[in-house]
Amino acid sequence: MTPTARDALAARLRAAGSVYAEDEADLLLEAGDGDPVRLRSMLQRRLRGEPLEVVLGWAAFDGHRIRVVPGVFVPRARSAVVVDQAARLLHRYDRVVDLCCGAGAIAVALLERVGALDLVASDIDPDASDVAAENIGDRGIVVTGDLFAPLPARFRGAVDVIAVNAPYVPTEAIATMPTEARDHEHRVALDGGHDGLDLHRRIAAGAGEWLCPGGAVVIEVSDGQAEASASAFRAAGFVTRVERDDAVDGTCVVASRPV
């Protein structure tokens with residue numbers, strides 16, 4: 001496509017509210033692969049408000065292209081703070097759970113950073129676990145169910161790290177989220193309850209049963225909720241610290257089980 005046509009595509013995206021219109025235009029052109037019918041269809045989907053990642057079929061995360069599908073939580077760059085902190089605690093062949101895994105982005109990134117792991121990814125949403133299985137392939141196991149319920153029995157008391165991006169948006173705040181999230185991602189991937197930390201408290205209450213001595217939960221949270229989340233883990237007997245990564249605008253709580 002000529003530069004003029006590329007500029008025209010970017011102009012349409014900008015008029016629809018895209019802040020990064022030129023970048024989006026380039027990605028759509030790449031995905032269109034010279035097929036004007038495919039490109040037109042993708043552009044119309046984007047102009048109707050579908051998330052760019054869903055239109056493309058993938059999301060960029062920690063140097064990877066993670067396959068995504070409609071309805072499933074789209075990986076955000078800020079979750080790399082969980083990957084970074086979890087990777088620091090892990091060695092090859094350690095036992096890991098990617099809890100509330102969504103498309104499995106954290107699992108994929110940890111496998112790349114650390115190497116082979118005894119990994120299980122879990123999500124309550126079967127659409128999420130299906131696409132996570134595609135992304136992870138034969139490098140781990142993907143199960144479907146509520147938090148720890150579907151984990152294999154051999155993981156009980158033996159997990160080195162539980163890496164988590166559980167929903168932490170307060171229920172009433174979902175209405176204020178960008179339309180790309182609230183209208184195109186399943187509510188179960190967003191809703192964290194009245195204060196956003198319902199799942200954090202459940203994970204704090206249940207994680208000790210699954211971790212080995214010295215094992216840790218690394219869980220994403222907002223800056224404003226970090227101390228409340230850490231407090232829930234401390235109340236459950238964990239030693240906690242809050243980690244912040246300004247480069248990705250991400251925050252997590254690292255909660256370690258005493259040895």
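Please read all numbers here as calculations on a predicted model, not as lab measurements.
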Rounding to 0.5 Å, atoms CD1 (Ile124) and CG (Leu147) come to a distance of 7.0 Å

Can you check whether Trp210 reaches Val97 side chain to side chain, under 4.5 Å on heavy atoms? no

Hey, what do you get for CD1 (Ile174) to CG (Asp183), rounding to the nearest 0.5 Å? 11.5 Å

Between Gly208 and Phe238, which heavy-atom pair has the shortest distance, and what is it? N-CZ, 3.8 Å

Measure from the side-chain N and O atoms of Thr176 to the backbone N and O of Ala173, and report whether any donor-acceptor pair falls under 3.5 Å. yes

Step-by-step side-chain contact (heavy atoms from CB on, under 4.5 Å) determination, Val68 to Phe61: CA-CA 11 Å; Val68 295; Phe61 181 75; over 6 Å; no

Nearest 0.5 Å please: distance from the CD atom of Glu50 over to the CD atom of Glu180. 10.0 Å

Transitively linked via ILVMFWY side-chain contacts under 4.5 Å: Ile136 with Phe73? no

Would you say Asp123's side chain and Gly102's backbone share a donor-acceptor pair under 3.5 angstrom? yes

Checking Val114 against Val96 for the side-chain contact (heavy atoms from CB on, under 4.5 Å) test, could you report, in this order, the C-alpha distance in whole Å, the side-chain angles of both residues, the deciding distance, and whether it holds? CA-CA 11 Å; Val114 181; Val96 182; over 6 Å; no

Gap between atom OG1 of Thr251 and atom CD1 of Ile219 - 0.5 Å precision: 13.0 Å

Check: Asp160 and Cys212 side chains under 4.5 Å, non-hydrogen atoms: yes

Once salt bridge (Lys or Arg N to Asp or Glu O under 4.0 Å) is applied, what residue pairs with a partner in residues 127-139 remain, sequence neighbours excluded? Arg67-Glu134

Is any NZ, NE, NH1 or NH2 atom of the basic residue among Glu209 and Arg257 found under 4.0 Å from an Asp or Glu carboxylate oxygen of the other? no

Any salt bridge linking Arg234 with Glu227? Criterion: basic side-chain nitrogen under 4.0 Å from a carboxylate oxygen. yes

Atom of Cys252, atom of Val82 and distance for their closest heavy-atom approach: CB-CG2, 4.2 Å

So the side chain to side chain donor-acceptor pair (under 3.5 Å) pairs with at least one residue in residues 93-109 (sequence neighbours excluded) are Arg95-Asp118

Would you mind reporting whether Asp191 and Pro167 have side-chain heavy atoms less than 4.5 Å apart? no

What one should report as the nearest heavy-atom pair of Val142 and Ser129 is CG1-O, 3.3 Å

Derivation of the side-chain contact (heavy atoms from CB on, under 4.5 Å) call for Arg187 and Thr171: CA-CA 10 Å; Arg187 190 179 182 94; Thr171 301; 3.4 Å; yes

Partners meeting salt bridge (charged side-chain N to carboxylate O under 4.0 Å, His left out) with Arg14 (sequence neighbours left out): Glu22

Tell me, with the steps shown, if Asp195 and Arg201 meet side-chain contact (heavy atoms from CB on, under 4.5 Å). CA-CA 11 Å; Asp195 65 349; Arg201 285 184 283 269; 2.9 Å; yes

The reported gap from CZ in Phe148 to CZ in Arg202 (rounded to nearest 0.5 angstrom) is 9.0 Å

Looking only at non-hydrogen atoms, find the nearest pair between Ile203 and Val217 and report the distance. CG2-CG1, 4.4 Å

Check the hydrophobic clustering (I, L, V, M, F, W, Y; side-chain heavy atoms under 4.5 Å; chains of links allowed) and say if Phe155 and Ile162 are grouped together. yes

For Gly49 and His184, which heavy atoms make the closest approach, and how far apart are they? O-NE2, 3.3 Å

Parallel, tilted or perpendicular: which fits the ring planes of His200 and Phe233, with parallel below 30° and perpendicular above 60°? perpendicular

Are Val120 and Leu111 co-members of a hydrophobic cluster defined by side-chain heavy atoms under 4.5 Å apart? no

Do Leu110 and Val83 make a side-chain contact, defined as non-hydrogen atoms from C-beta onward lying under 4.5 Å apart? yes

Is any side-chain heavy atom of Val164 less than 4.5 Å from a side-chain heavy atom of Ile106? no

Do Val248 and Arg76 touch side chain to side chain, with heavy atoms closer than 4.5 Å? no

Would you mind checking if Asp249 and Arg244 are paired as a salt bridge, meaning a charged N to carboxylate O distance below 4.0 Å? yes

For the hydrophobic clusters of this structure (ILVMFWY residues joined by side-chain heavy atoms under 4.5 Å, transitively), does one cluster hold both Leu197 and Val218? no

Using a 4.5 Å cut-off on heavy atoms from C-beta on, say whether the side chain of Pro170 contacts that of Gln225. yes

Testing the basics here: between Ala232 and Ala204, what is the closest heavy-atom pair and its distance to 0.1 Å? O-CB, 3.7 Å

Within-4.5 Å side-chain heavy-atom neighbours: Val69 and Val54: no

Could you see if Tyr20 belongs to whatever hydrophobic cluster contains Leu52? Use Ile, Leu, Val, Met, Phe, Trp, Tyr and a side-chain cutoff under 4.5 Å. no

When rounded to the nearest 0.5 angstrom, what distance separates CD in Glu220 from OG in Ser229? 11.0 Å

Counting N and O atoms only, with roles assigned by atom type, does the side chain of Thr240 sit under 3.5 Å from a partner on the main chain of Val254, one being a donor and the other an acceptor? no

